[in-house]
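Each chain gets a letter, A, B and so on, in the order its sequence line appears, and its residues count up from 1.
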Number of protein chains: 2
Amino acid sequence: MRPEDAAAIRDLPLFSDAQEETFGDLVRAGFLQRFPPGVVLINERDPADFLHVVVEGLVEMFATGSGRDTTISIVRPVGTFILAAVLNDQVYLQSARTLEKSQVLMIPAERVRVALGTDPAFARAVVTELARGYRRAIKEVKNQKLRTGAERLANWLLKEDVAQGASGVVNLGFEKRVLSSLLGMTPENLSRAFSTLREHGVTIHGAQMRLTDRQALERLAQPDPLIDSDE
Amino acid sequence: MRPEDAAAIRDLPLFSDAQEETFGDLVRAGFLQRFPPGVVLINERDPADFLHVVVEGLVEMFATGSGRDTTISIVRPVGTFILAAVLNDQVYLQSARTLEKSQVLMIPAERVRVALGTDPAFARAVVTELARGYRRAIKEVKNQKLRTGAERLANWLLKEDVAQGASGVVNLGFEKRVLSSLLGMTPENLSRAFSTLREHGVTIHGAQMRLTDRQALERLAQPDPLIDSDE
DNA sequence: GCTCTGACTTGATAAATGTCAATTGACTGA
DNA sequence: TCAGTCAATTGACATTTATCAAGTCAGAGC
């Protein structure tokens, strides 16, 4: 593992307060693997044997059921999955698939549970991270139940613009069909939602969107920090 | 507080492994209050000053946005809300309202955070509870995104029947409009969904439903333990 | 440069769900 | 017993979203 990768992992709030020994143990026990795009890393229903850390690339968390599938979230570097399954030693509720070439550190679940028991600072960080995960999930339930598809798209664009430097330009970074799945709609419907947004301050250029009238977009989106703010 | 209430709270997985002193501190610091039905106990956006324990009654967790509102969950005795907001000292993402006459113990948030830092057994229980909360929320995201309204109703009935003793009779326990909100649909649509289920093994008698052909209902519902099992 | 493939867009139609209004039934209070 | 209120049901219609099909475009491979 390159030193800068270890440093980036160390900087994650989950690990930043852990004792040096704890962090060293976790990272040394982990396997760092490279994967090409399109590889399924874990399957829902699998036992949670590893805590995965996305060091480089992009990973889609998804789930299937009733003959349908849906994207639950996109994990960027440096991000982890799935802490709750690892800590409670239960099966994964989601599958994960690389969207682009990725590097993933796989830390054995047992080592994470041991660290939880021996390092109080790490335990506190785990609590904070689990609470943040819960709050993000509640925000998503609200996003799905309280908003139409076009509203979810509008809010996603506003949020993503801020995440990408608030320049008024949003680069998608993955295929539109993944975005449609994340937002809870079909690819055709996402296309129609983008068409709707053309009249509300957005222009579309392939995988890049420009927010040309932010206030018009916000009027449609009605952003709410209790749904849209970062955790 | 009646001894049997304290015993019931003690039996909650969150508290059952806490040291006697920790548990005593938390309970003594709490205010036990009685509320009539229809009372809002907390509002979303409020600072999380208390961990609430529903000792008796029934509490609806709900949220509003875009001029709409939705029921996120129903808390029965003995259940708590909202641990994640208390631990991370952040605003509530949900509001709570009594559905019937209720007794609620309100434990100051600071005391919970102190207990987290001093009692390792309690801290482990907190981790487990936060992980369960996260997993429940992910199951709800899947429920909302992967299923139609009638499928959600069918699965709710199957699950609730088991929770009520698997007798084939489900007593709603609150108004149907609350159930419609919980399932993510309008009251009219719930009514239509119940009509649909009449042809799939369910008969409706006011607030009581009978499952007359469980297999027919399961064929429509397609229950999935990764969505429907208890956490 | 050409062909093929897959993502995306668009059109038409179907299904699911929401909105609005009217009616019915149960419950409460006088 | 009657009147009023509220929840629920049902009907009609509107909106949102899904499905299916056809066409377009960009990119990859030869």
According to side-chain contact (heavy atoms from CB on, under 4.5 Å), who are the partners of A/Asn189, at least two apart in sequence or on a separate chain?
A/Met185, A/Thr186, A/Arg192
Which pairs, with at least one residue in residues 163-191 of chain A and sequence neighbours excluded, count as a salt bridge (Lys or Arg N to Asp or Glu O under 4.0 Å)?
A/Glu175-A/Arg177
Expected output is a numbered-order residue list: members of residues 185-203 of chain A with a heavy atom under 4.0 Å from any atom of DNA chain C. What is it?
A/Glu188, A/Ser191, A/Arg192, A/Ser195
Pairs flagged by salt bridge (Lys or Arg N to Asp or Glu O under 4.0 Å) wherever residues 201-211 of chain A is involved - sequence neighbours left out:
none
To the nearest Å, how far apart are A/Asp69 CG and D/dA18 P?
13 Å
Looking at residues at least two apart in the chain, or sitting in another chain, which of them share a side chain to side chain donor-acceptor pair (under 3.5 Å) with A/Arg152?
none
Please name all residues satisfying salt bridge (charged side-chain N to carboxylate O under 4.0 Å, His left out) with B/Glu4, sequence neighbours left out, ordered by chain then number.
B/Arg2
Range on DNA chain C touched by chain A, heavy atoms, distance below 4.0 Å:
C/dA7 to C/dA12
Pair up each side-chain donor or acceptor in residues 214-226 of chain A with any protein partner under 3.5 Å, not counting sequence neighbours, and list the distances.
from, atom 1, to, atom 2, distance (Å)
A/Arg214, NH1, A/Asp161, OD2, 2.6
A/Asp224, OD1, A/Leu226, N, 2.8

Show me the pairs that pass ring pair (Phe, Tyr, Trp, His ring centres under 6.0 Å) and involve residues 186-222 of chain B, at least two apart or across chains.
none
Please say whether more than 12 non-hydrogen atoms of neighbouring residues, nucleotides or ligands are located less than 6.0 Å from CZ in B/Arg198.
yes
Interatomic distance, A/Lys145 NZ vs D/dT16 C1' [rounded to whole Å]:
18 Å
Could you give the angle between the helix axes at the two ends of the helix from C/dG1-D/dC30 to C/dA30-D/dT1, with five pairs per end, rounded to 10 degrees?
40°
What pairs of residues pass the salt bridge (Lys or Arg N to Asp or Glu O under 4.0 Å) test when at least one of them lies in residues 63-78 of chain A, not counting sequence neighbours?
A/Arg68-B/Glu151, A/Arg76-A/Glu160
Does A/Lys145 have any salt bridge (charged side-chain N to carboxylate O under 4.0 Å, His left out) partners at least two apart in sequence or in another chain, and if so, which?
none
Over how many whole Å does the gap from B/Leu146 atom CG to D/dT17 atom C1' extend?
15 Å
Separation of atom CD in A/Gln208 from atom P in D/dA26, rounded to whole Å:
15 Å
